[in-house]
Number of protein chains: 2
Amino acid sequence: MKRRVTLKDIARETGVHVSTVSRALDPVTRKAITAEVAEKIQAAAERLGYRPNRIAAGLRTNRTMTVGVMIPDITNVIFPPILRGIESVLEPLGYASIIVNTDGEKERESRLVNVLRDRGVDGIIHAAATRDDPMVARAAEDGMPIVTLNRRVEDGGIPFVINDEQSGICQMLRHLMELGHRSIAHIAGPQDLSTGQLRLAAFRDAMAETQLACNEGLIATATHFDESEGARCVEQLLASGLRFTAVLCANDRLALGAIERLHEEGLNCPADVSVSGFNDMPFLNLIRPRLTTIHIEQHGAGQAAARLLVQLLNGAESEQLPTETILPVRLVVRESTGPAPAP
Amino acid sequence: MKRRVTLKDIARETGVHVSTVSRALDPVTRKAITAEVAEKIQAAAERLGYRPNRIAAGLRTNRTMTVGVMIPDITNVIFPPILRGIESVLEPLGYASIIVNTDGEKERESRLVNVLRDRGVDGIIHAAATRDDPMVARAAEDGMPIVTLNRRVEDGGIPFVINDEQSGICQMLRHLMELGHRSIAHIAGPQDLSTGQLRLAAFRDAMAETQLACNEGLIATATHFDESEGARCVEQLLASGLRFTAVLCANDRLALGAIERLHEEGLNCPADVSVSGFNDMPFLNLIRPRLTTIHIEQHGAGQAAARLLVQLLNGAESEQLPTETILPVRLVVRESTGPAPAP
DNA sequence: AGCTGTCATGCAATCGATTGCGTGGAGCTT
DNA sequence: AAGCTCCACGCAATCGATTGCATGACAGCT
């Protein structure tokens, strides 16, 4: 196990001072060095197999070229594409990311923010904020560049990237109405998650714009974004005795659970009841009936957040950056929605 | 934006030397300090909100408490659980991980190994090795602790963790034979990936142990582990004109693609042809017919690899560590396999 | 020829924590 | 009371790269 090559080694080899070597190896400062000397130094660096020590540089410059990425849970299929989006922007610029999972727990979230700070990350992309976290707020106050993803932040000038939930719900509602549905139920997501909240609000708004009264009895709220909650909620809707011919769900997994339970109750989708999802998660094309849903740009959202963060890292003031970036969404009509059955 | 608190600040505050502060704050060296003084220092550290600078410590100790994790692609659903397994072991010990995606490209793999080395990771968990990579070999030679996952490494004493592919294929073959199948086809995975290779070899071995001759015509090889290749391969098998009543696939996605194409050709699964998968990936319970497959311990594999790496990091010699760790697999019988149809 | 300006390079401090070695004082022995 | 041991703590070097400032040489100008 041989010792690593340092600037000092190159300096000794080439007979110049380490500071000269340092300057010759940095493309920005190289212009201050005679071309001939710079080339000699570069050649020596190459020959000796020099690899800069980022730790040492980081200590001096206070930049680690590392960013923290906070997500609720990597096993949730919507996050990997987001991470690839982030990576696609950050990696070419020489940044690496440390990914942490909060599991939606506030206490864990606070702790992990500090873990990231202790590690000296240059900035944070936060895709897991449930609500205002004091540690996150503190980090922001202390000057840590932060961008949030999938979450609107009211206070503070923290830039955020979200999908156009409003438009998505709207497009889906219009689609269902064009199919003749008039009694439309909603399975809302957890209200402590911003997506759940935003989509429910969007549903109420969209319904208000139609002639239809929004029957609060036709809104069931899930405690988690998963299949079993979708099933439970649709059961609750059925038990209410209220008639509905379509269920607009806040998320694909809720929709899948709902369809399954409806099927168990002898109701077929889309013949008897239309069901729609939201997110267009991977593998949806393999599940029957193929789900009509709202496609969101996961990869694009990651890229957008990363680009914003890079600007902050490069010294852009939050004021000159867009506080909100709203990504377009797209209706994807597949098989789980169809004409409303005759009454 | 206030300056961060350093050891020097605490030293000034408490009237002792920074080295004393350093020792008082490290549980290991604390015993060398008078209890009273140590408490005073800890109190001051607490009061001032001291957070150790890992970068500075890393420069001096040459340990970053960071490990690199190399995977082919995080959007492949089998990797997130592995990562959570790794995290569950590493995070409590104070390690963070930098995850990189190789996309199965050799050139990218080499480059990323160097990225990780430059960042001074203490060790690497490599779950993306396609074949021997010179940079990985070099890193190992230079003393970088490395553990590979899902890949057998012949040369060098690099410890590896793999699933018991052999046993999985064997169990599945026995299951199919118990259902009366005698003409069994295999859709093999890409042969440049170790899992593809191992499972094909296991299939041949297992067939050899039965009375049945292994008909090479009933083996189709996919170029990727995805649905379209599963479809293409099953088509190829059908085109061969050879009779088969079951298809043992090297991977769930190949199986899903195969089932779909069979269906399009008017062959139902499992009534006409039984199809089996491998991996038991998430969401399989939502796809009809529910796939019979081999469950592998993804989370457990991550944990096992992480535990091995920790031992290496703690100075265990490779010699005293198990070179191979083979994780048990489990047959999961669902709906895609059934009795062989009468001839 | 002498003076000024410019530019390449060297010098040394610095980032913050760790750690081998030195030292002074307290307590104990004879 | 002199000498000894032991231990808590201080001192200072160190990790490797960066960077403001100093310096020296050389060219150009009058």
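Residue numbers start from 1 in every chain, and the chains themselves are labelled A, B, ... in the order their sequence lines are given, proteins ahead of strands. As the structure is a prediction and not an experimental result, all values here were calculated from the model.
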Per-pair distances, 0.1 Å, donor-acceptor, side chain in residues 8-24 of chain A, under 3.5 Å, sequence neighbours excluded:
residue, atom, partner, partner atom, Å
Asp9(A), OD1, Arg3(A), NH2, 3.1
Asp9(A), OD1, Arg12(A), NH2, 3.1
Asp9(A), OD2, Arg3(A), NH2, 3.3
Asp9(A), OD2, Thr6(A), N, 2.8
Asp9(A), OD2, Thr6(A), OG1, 3.4
Glu13(A), OE2, Arg47(A), NH1, 2.9
Thr14(A), OG1, Ile10(A), O, 2.7
His17(A), ND1, Ser19(A), N, 3.1
His17(A), ND1, Ser19(A), OG, 2.9
Ser19(A), OG, Arg23(A), NH2, 3.4

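- Atom CE in Met65(B) sits roughly 16 Å away from atom P in dA17(C) (whole-Å rounding).
- Put simply, the side chain of Ser88(B) reaches to within 4.5 Å of the side chain of His299(B), judged on heavy atoms.
- A donor-acceptor contact under 3.5 angstrom links the side chains of Thr66(B) and Arg119(A), judged on distance only.
- Counting any heavy atom pair closer than 4.0 Å across all strands shown, Val21(B) reaches no nucleic acid atom.
- Summarising the geometry, the separation between NZ on Lys8(B) and C1' on dC15(C) is reported as 9 Å, rounded to the nearest angstrom.
- Residue Ser22(B) places none of its side-chain N or O atoms closer than 4.0 Å to OP1 or OP2 of dA17(C).
- One atom, CG of Leu48(B), and another, P of dG16(C), lie 15 Å apart when rounded to the nearest Å.
- The side-chain heavy atoms of Arg117(A) and Asp142(A), taken from C-beta on, include a pair separated by under 4.5 Å.
- Between Thr20(B) and Val18(A), it is Val18(A) whose nearest contact on DNA chain C lies nearer the 5' terminus.
- Computed from coordinates, the Leu7(A) CG to dC15(C) P distance equals 19 Å when rounded to whole Å.
- Side-chain atoms of Asp73(B) come within 3.5 Å of backbone atoms of Thr75(B) as a donor-acceptor pair (strictly under, hydrogens ignored).
- Looking at heavy atoms from C-beta onward, Gln42(B) lies in side-chain contact with Leu25(B) at the 4.5 angstrom threshold.
- For the pair Leu59(B) and Val16(B), nearest-nucleotide mapping onto DNA chain D gives the more 5' position to Val16(B).
- Residues Ala35(B) and Tyr50(A) each lie close to DNA chain D; by heavy-atom proximity, the contact nearer the 5' end of the strand is made by Ala35(B).
- For the helix from dA1(C)-dT30(D) to dT30(C)-dA1(D), the rotation axes defined at the first and last 5 base pairs enclose an angle of 60°, given to the nearest 10°.
- If you check dA12(C), dT18(C), dA13(C) against the side chain of His17(A), the one that comes closest is dA12(C).
- One interatomic measurement links the two molecules: CG of Asn53(A) to P of dA17(C), which rounds to 17 Å at whole-angstrom precision.
- A donor-acceptor contact under 3.5 Å is formed by the side chain of Ser19(A) with the base of dC11(C).
- Regarding Arg60(B), its CZ atom lies at a distance of 9 Å from the P atom of dT14(D), rounded to whole Å.
- A donor-acceptor contact under 3.5 Å is formed by the side chain of Arg23(A) with the base of dG10(C).
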Leu313(A)/Tyr95(A) under side chain to side chain contact (heavy atoms under 4.5 Å, CB included): CA gap, chis, key distance, verdict:
CA-CA 11 Å; Leu313(A) 294 177; Tyr95(A) 286 95; 3.5 Å; yes
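- Between the P atom of dT19(C) and the CG atom of Asp26(B) lies a distance of 8 Å, rounded to the nearest Å.
- Remark: C1' of dT18(C) and CZ of Arg54(B) are 15 Å apart, rounded to the nearest angstrom.
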